[in-house]
Amino acid sequence: METSSDRPGGTRRPWWGRIAAGLAVVVVLIVLVERFSLVPGFGGLFGGETRDRSGPALLKSLQDMHRYEAAVGNFQVVVDLEKDAAFLPDAIRGTRTLYVGAGSVSGYVDMGGLGERNVTVNGDRTEATIRLPRPVLGAAALDPARSYAVSKQRGLLDRLGDLFSDNPAGEQAVQKLAAQHIDQAARDSGLTERAEKNTTAMLEGLLHSLGFRTVNVAYA
């Protein structure tokens with residue numbers, strides 16, 4: 001049998017080239033098997049170790065807070081986010097993520113702009129009237145310890161793309177959607193009314209302890 005080295009002008013791949021090509025094929029097969037869990041228990045052969053190499057946290061700014069947080073609501077929402085590609089079946093291109101988002105929203109009164117005009121005291125200091133802005137809601141704060149992805153379904157092209165990326169944008173999308181749902185739930189929960197009631201009770205208790213018999217709290 002005639003080989004490429006026997007043919008005139010034929011070239012033969014050097015031994016180191018054949019070894020490099022073989023190693024490349026093995027590496028690709030290992031990545032595919034481990035990534036897609038084609039062989040159960042195979043991933044355990046390559047034990048991983050996690051190291052925290054983060055640098056120290058940098059202080060970017062300080063901000064004085066002039067608000068009284070009068071109520072906090074804790075919420076949980078299940079987000080079902082599906083993204084489809086036109087003219088392609090979900091098995092080829094598309095994602096669906098089921099995500100449980102848990103977070104909190106605070107109701108507070110901003111007292112940063114209050115001055116003498118907001119407080120009126122009668123002559124014998126037995127009655128006080130305080131005028132405050134109405135309570136507002138803060139932004140939803142997701143709790144990473146209680147938020148998690150239940151399932152992730154991805155098409156073949158999306159799974160191949162994840163070989164080179166952890167696809168953080170997909171995780172950010174469901175987190176943003178969860179925060180939006182929690183914000184809406186907080187607006188519908190009566191949290192601002194609860195914050196107003198608690199603020200009034202706090203001020204009444206404080207001024208009564210200072211000797212005021214009548215305390216009026218108004219919101220505008």
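All values reported here derive from a predicted model rather than from experimental measurement.
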Considering residues, nucleotides and ligands other than [X], do more than 12 of their heavy atoms fall under 6.0 Å from its [atom1]?
X      : atom1 : answer
Arg125 : CZ    : no
Arg131 : CZ    : yes
Arg194 : CZ    : no

Under 3.5 Å donor-acceptor, Asn118 side chain and Gly115 backbone:
yes

Non-hydrogen side-chain atoms of Thr199 and Leu132 separated by less than 4.5 Å:
yes

Kindly indicate whether the side chain of Tyr99, heavy atoms from C-beta on, has any atom under 4.5 Å from the side chain of Val150.
no

What's the verdict on side-chain contact (heavy atoms from CB on, under 4.5 Å) for Asp143 and Asn74, showing C-alpha distance, side-chain angles and the deciding distance?
CA-CA 10 Å; Asp143 184 355; Asn74 295 302; over 6 Å; no

Do [X] and [Y] sit in the same hydrophobic cluster, where Ile, Leu, Val, Met, Phe, Trp and Tyr count as joined when their side-chain heavy atoms come under 4.5 Å apart?
X      : Y      : result
Val72  : Phe75  : no
Tyr108 : Val105 : no
Val136 : Tyr219 : no
Ile182 : Leu177 : yes

Roughly how far, to the nearest 0.5 Å, is the CD1 atom of Ile130 from the OG1 atom of Thr200?
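Thr200 atom OG1 to Ile130 atom CD1 measures 9.5 Å (nearest 0.5 Å).
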
Side chain to side chain donor-acceptor pair (under 3.5 Å) partner of Glu127, the single match among Thr214, Thr120, Asn216, Asn122:
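By the side chain to side chain donor-acceptor pair (under 3.5 Å) criterion, Glu127 pairs with just one of Thr214, Thr120, Asn216, Asn122: Asn216.
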
Check step by step if side-chain contact (heavy atoms from CB on, under 4.5 Å) holds for Arg67 and Val109.
CA-CA 5 Å; Arg67 68 187 193 185; Val109 176; over 6 Å; no

Can Glu196 and Arg134 be counted as an ion pair, charged N to O under 4.0 angstrom?
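A salt bridge is present here (some side-chain N lies under 4.0 Å from a carboxylate O).
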
